[in-house]
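Structure first, commentary second.
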Amino acid sequence: MSDSGIEITAGLVRELLREQHPDLAGLPVREVAGGWGNQMWRLGDELAVRMPRMESASDLLRKECRWLPVLAPRLPLPVPTPVRVGVPSARFPRPWSVTAWVHGEPLDTAAISRGDHAADALAGFLRALHAEAPADAPASADRGGHPKDCTDGFEHFLRSIAAGGLGPAADAPAVRAVWDDAVSAPAWEGPPVWVHGDLHPANVVVSDGTLSGVIDFDALFAGDPAWDLAAAWLLLPAGAGPRFLAAYGRADEATIRRARGLAAMKSLFLVLMGQNGEQGLPGGKPAWGPAGRAALARVLTPGPDRPTRA
């Protein structure tokens, strides 16, 4: 159900397709689990329909439709490129889109077994994405800044996790030390670059044990690449981080410090969403808890499993 009171069903999707894209209306429509701001429906084997559940998601969908077709041709991994745009109508009052379907299993329900290959794939993807953004590229109201600007969020996540919820390899003082180091790191001094902004295990897919696609670009913005480089800890298995940073090749010491702190904050968020899911709270994601604890363990692991400073 969307916040407009309209239930998003397979029947509604078919009706909208018949009205606006009739050549696609005969394809099978299957609901896809997950998603917060948008409801996803798989359309045939190669397409998907993206339907905003809430008004705030409409602007994010418009942003994806504006910029992802510009970026996608230079990206070395599959992404959900919009191929059709649906306009608001009497049946559904918001824009919607038909995108390419990105094949693979979301990482929050799968695993990477080919760590070196995944490290190289992620590095190549981010090298291609992190080009200088144009002046009219979107900014972000809640992401993209220096970690010091996100301290309230970090503290909220840390306080909200129940005692012992960080996992056996973590404790609050150790997590706070990583965050404090990121807060004290110099700011990004380069030009704003294109940043995915929300790389976590539910927003990438894997096939044959390695990274095979990146999805959900509604957080896309121009800013500090450290927000994406946090993926070294969030996505890759232990030991793959140094290879990733070497292949990426552009991260200086300060950027790695900021990225590691942001990875700690994002790991806490994943743990919190997992905890909420275990308690049956709205929006909770039970599968995210183990992913967040594993990422946090990588953030705090000393020695060769921790990406070294460039």
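Computed from a predicted model, the values in this text were never measured in an experiment. Sequence positions, counted from 1, serve as the residue numbers for this chain.
- A search for ring-ring contact (aromatic ring centres under 6.0 Å, His included) contacts involving Phe244 returns nothing, not counting sequence neighbours.
- The side-chain hydrogen bond (donor to acceptor under 3.5 Å, both in side chains) search around Trp288 returns Asp108, not counting sequence neighbours.
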Query - side-chain contact (heavy atoms from CB on, under 4.5 Å) evaluation trace for Arg62 with Cys65 - result: CA-CA 5 Å; Arg62 291 187 185 98; Cys65 291; 5.7 Å; no

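- Although no hydrogens or angles enter the test, the distance criterion places a donor-acceptor pair under 3.5 Å between the side chain of Arg143 and the main chain of Gly197.
- Atoms CG and CG, on Leu199 and Leu107 in that order, are 11.0 Å from each other to the nearest 0.5 Å.
- Qualifying salt bridge (charged side-chain N to carboxylate O under 4.0 Å, His left out) partners for Asp152, counting only residues two or more places apart in sequence or in other chains: none.
- If you take CG on Leu122 and NE2 on His117, they are separated by 12.0 Å, rounding to the nearest 0.5 Å.
- Summarising the geometry of Trp96 relative to Val87, their closest heavy-atom pair is NE1-O, 3.7 Å, with the distance given to 0.1 Å.
- Considering only residues two or more places apart in sequence or on other chains, Arg42 meets the salt bridge (charged side-chain N to carboxylate O under 4.0 Å, His left out) condition with none of them.
- The shortest side-chain heavy-atom distance between Leu77 and Ser212 does not fall under the 4.5 Å cut-off.
- Glu253 and Arg258 are not joined by a salt bridge, as no carboxylate oxygen comes within less than 4.0 angstrom of a charged side-chain nitrogen.
- Remark: side-chain polar atoms of His196 are not paired, donor with acceptor, to backbone N or O of Trp227 under 3.5 angstrom.
- Between Met40 and Ala48 the shortest heavy-atom distance is CE-CB, 3.7 Å.
- For the atom pair CD1 of Ile161 and CG of Leu272, the computed distance is 6.0 Å after rounding to the nearest 0.5 Å.
- Salt-bridge check for Asp198 with Lys266: failed, with every basic side-chain N at 4.0 Å or more from each acidic carboxylate O.
- Among residues two or more places apart in sequence or in another chain, the side chain to side chain contact (heavy atoms under 4.5 Å, CB included) test is passed with Val83 by Leu47, Val98.
- The shortest distance between side-chain heavy atoms of Ser97 and Glu64 does not fall below 4.5 Å.
- Side-chain N or O atoms of Thr210 include one that pairs as donor or acceptor with a backbone N or O of Ala118 at under 3.5 Å.
- In this structure, the side chain of Glu31 does not engage the main chain of Trp41 through any donor-acceptor pair within 3.5 Å.
- Relative orientation of the Trp179 and Phe154 rings is parallel, given thresholds of 30° and 60° on the angle between their planes.
- Taking the side chain to side chain contact (heavy atoms under 4.5 Å, CB included) definition, one finds that Glu19 meets it with Leu16, Ser89, Arg91, sequence neighbours left out.
- Side-chain atoms of Glu132 never come within 3.5 Å of backbone atoms of Trp194 as a donor-acceptor pair (strictly under, hydrogens ignored).
- With sequence neighbours left out, Ala246 forms a side chain to side chain contact (heavy atoms under 4.5 Å, CB included) with no residue at all.
- Here the straight-line distance linking atom CG of Asp218 with atom CG of Asn38 works out to 6.5 Å at 0.5 Å rounding.
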Query raised in the report: Do Leu229 and Ile256 pass the side-chain contact (heavy atoms from CB on, under 4.5 Å) test, and can you show the C-alpha distance, the side-chain angles, and the key distance before you say yes or no?
Result: CA-CA 8 Å; Leu229 298 181; Ile256 294 174; 5.8 Å; no

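- Follow the hydrophobic side-chain contacts under 4.5 Å out from Leu75 and you reach Phe221 in the same cluster.
- One side chain, Ser140 or Asp142, offers a donor N or O that lies under 3.5 Å from an acceptor on the other.
- Partners of Asp23 under the side chain to side chain contact (heavy atoms under 4.5 Å, CB included) rule, at least two apart in sequence or in another chain, are His21, Arg84.
- A 4.5 Å side-chain heavy-atom check between Leu166 and Arg293 finds every atom pair outside the cut-off.
- The two atoms that bring Arg257 and Ala182 nearest to each other are O-CB, 3.3 Å, heavy atoms only.
- The residues Arg243 and Asp120 are annotated as salt-bridged, a charged nitrogen and a carboxylate oxygen being separated by less than 4.0 angstrom.
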Query - Pair Ile6-Leu12, side-chain contact (heavy atoms from CB on, under 4.5 Å): steps then yes or no - result: CA-CA 9 Å; Ile6 296 176; Leu12 175 62; 4.0 Å; yes

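- Membership of the apolar cluster around Ile215 extends to Val102, Val205, as traced through chained side-chain contacts below 4.5 Å between ILVMFWY residues.
- The shortest distance between side-chain heavy atoms of Leu71 and Leu220 falls below 4.5 Å.
- By the ring-ring contact (aromatic ring centres under 6.0 Å, His included) test, His130 is found to be paired with Tyr248, residues two or more places apart in sequence or in another chain being considered.
- For Asp180 and Lys148, the salt-bridge test fails: no basic side-chain N is under 4.0 Å from an acidic carboxylate O.
- Between the Arg74 side chain and the Ala128 main chain, a donor and an acceptor come within less than 3.5 Å of each other.
- No donor-acceptor pair closer than 3.5 Å links the side chain of Thr99 to the backbone N or O of Pro82.
- Annotation: side chain of Leu17 is not in contact with side chain of Leu27 (no heavy-atom distance under 4.5 Å).
- Here CG of Leu300 is found 7.5 Å from CG of Asp171. Values are rounded to the nearest 0.5 Å.
- For Trp188, the ring-ring contact (aromatic ring centres under 6.0 Å, His included) criterion is met by no residue, not counting sequence neighbours.
- Pro95 has its side chain within reach of Pro88: a pair of non-hydrogen atoms, C-beta onward, lies under 4.5 Å apart.
- Every residue was checked against the side-chain hydrogen bond (donor to acceptor under 3.5 Å, both in side chains) condition with Ser113, not counting sequence neighbours, and none meets it.
- Residues Ala226 and Thr255 come closest through the heavy atom pair CB-O, 3.8 Å.
- Residue Trp67 is not grouped with residue Leu60 when hydrophobic side chains (ILVMFWY) are merged at heavy-atom distances under 4.5 angstrom, including chains of intermediate members.
- Atom CD of Glu189 is surrounded by 12 or fewer heavy atoms from other residues, nucleotides or ligands within 6.0 Å.
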Requested in this report: Please step through side chain to side chain donor-acceptor pair (under 3.5 Å) for the pair Thr109 and Glu105, ending with a clear verdict.
Outcome: CA-CA 7 Å; Thr109 58; Glu105 184 76 14; 2.9 Å; yes

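- Heavy atoms only, all atoms of each residue included: Ala251 and Leu245 are closest at CB-CD2, 4.3 Å.
- Annotation: the span from Leu268 atom CG to Ser160 atom OG amounts to 9.5 Å, rounded to 0.5 Å.
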Query raised in the report: Are Asn276 and Glu278 close enough, and set up right, to give a side-chain contact (heavy atoms from CB on, under 4.5 Å), and what steps lead you there?
Result: CA-CA 5 Å; Asn276 289 348; Glu278 292 162 3; over 6 Å; no

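- Surrounding CG of Asp208 are at most 12 heavy atoms belonging to other residues, nucleotides or ligands under 6.0 Å away.
- Taking the charged nitrogens against the carboxylate oxygens, Asp181 and Arg260 have no contact shorter than 4.0 Å, which rules out a salt bridge.
- Closest non-hydrogen pair, Val299 versus Ser267, comes out as CG2-OG, 4.4 Å.
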